[in-house]
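Notes follow once the structure below has been shown.
In this chain, residues are counted from 1 in sequence order.
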Amino acid sequence: MHLRALAAFNALLCSLLLAFAGAAHAALAEELSEVTRLHHAGQSAAALELADKYLAGKPKEAQMRFLKSVVLADTGRGGESAALLQQLTQDYPELAEPHNNLAALYAASGEYAKARAELEESLRLSPGYATAQENLGDVYVMLAGQAYARALRLEPGNSGLPRKLELVRQLAAPVAGKAAASAPAVAARASSTLKR
């Protein structure tokens, strides 16, 4: 009889823990939704305030930290976003999305070698991550452009290099916009949510 009572107690305890976990997950989902809504409504300061309030009680919560990094990046605070993403890669080394978004920040600032390394790590963690794969292709285009430009400086008479540079610029134009014609810059796509 004692074993049955213990089994019943364990079953009840498991049910309560699952209910609590479900409620906690629902509360997090509501908070994430509200931060996203505020940010998309142009109230990014309020979104960051709400994210900080939530993180004050749960400082290691990955999804809210990730969303906060997205809001920071979108509001021109790339340095703060990068620091938050770097910490996420340390705390949650199994997540691919922080590496992708860190790569997007590096690419936006012209640090293509760093962007490539982050994207390769993202794809190592999640080989089917299409956004990271596309971003890696864009970064390779930008690296090719840099290599061709260096080669042209070293050998100005090489008649094939200007054509290659023009092709790279044409490839980069849809990615970076029309301003890419003079100084290409990749606009790698950032993820807005974590997949778990």
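Counting heavy atoms from C-beta outward, Ser44 and Asp74 have side chains that stay 4.5 Å or more apart. Residues Glu134 and Asp138 are in side-chain contact: their nearest non-hydrogen atoms beyond the backbone lie under 4.5 Å apart. Side-chain contact between His39 and Thr75 is present, with at least one heavy-atom pair separated by less than 4.5 Å. Residues Arg116 and Tyr106 fail the side-chain proximity criterion, which asks for heavy atoms closer than 4.5 Å. Using a 4.5 Å heavy-atom threshold, the side chains of Leu85 and Ser81 count as touching. Contact check for Leu95 versus Leu125: no side-chain heavy atoms found under the 4.5 Å cut-off.
A distance-only check finds no donor-acceptor pair linking the side chain of Ser126 to the backbone of Leu123 [under 3.5 Å]. Between the side chain of Ser69 and the main chain of Phe66, a donor-acceptor pair closer than 3.5 Å is present. Judged by distance alone, with hydrogens and angles left aside, the side-chain atoms of Ser122 form no donor-acceptor pair with the main-chain N or O of Glu118 at under 3.5 Å. The main-chain N or O of Met64 is found under 3.5 Å from a side-chain atom of Glu61 such that the two form a donor-acceptor pair.
Distance check, rounded to the nearest 0.5 Å: CD of Gln86 to NE2 of His99 gives 10.5 Å. One distance of note links CG of Leu72 with CG of Asn101; it measures 12.0 Å at 0.5 Å rounding. Within the model, atoms CD of Glu94 and OG1 of Thr89 stand 11.0 Å from one another, a figure rounded to the nearest 0.5 Å. Atoms CD and CG, from Glu34 and Leu67 in turn, are 11.5 Å apart once rounded to the nearest 0.5 Å. Lys68 contributes atom NZ, which lies 7.5 Å from atom CZ of Arg77 (distance to the nearest 0.5 angstrom).
The side chain to side chain donor-acceptor pair (under 3.5 Å) pairs that include a residue from residues 139-155 are Glu120-Tyr140, where partners are two or more places apart or lie in different chains.
Scanning both residues, Leu38 and Ala47, for their nearest heavy atoms gives CB-CB, 3.8 Å. Across all non-hydrogen atoms, the minimal contact from Leu152 to Asn158 is CD1-O, 4.1 Å. Here the closest non-hydrogen pair linking Gly145 and Leu165 is O-CD2, 3.5 Å. Closest of all the heavy-atom pairs between Ala62 and Tyr92 is CB-CE1, 3.6 Å. Between Ala132 and Asn100 the shortest heavy-atom distance is CA-OD1, 3.4 Å. The minimum heavy-atom distance linking Ala51 with Val35 is given by the pair N-CG2, 4.0 Å.
The closest side-chain donor-acceptor pair between Gln87 and Asp91 falls under 3.5 angstrom.
Criterion: ILVMFWY side-chain heavy atoms under 4.5 Å apart, direct or through other members. Under it, Leu136 and Leu143 are part of a common hydrophobic cluster. A continuous path of Ile, Leu, Val, Met, Phe, Trp and Tyr side chains, each step under 4.5 Å between heavy atoms, connects Leu50 with Leu28, placing both in one hydrophobic cluster.
A 6.0 Å sphere centred on CD of Gln43 holds more than 12 heavy atoms belonging to other residues, nucleotides or ligands.
The residues Glu121 and Arg124 are annotated as salt-bridged, a charged nitrogen and a carboxylate oxygen being separated by less than 4.0 angstrom.
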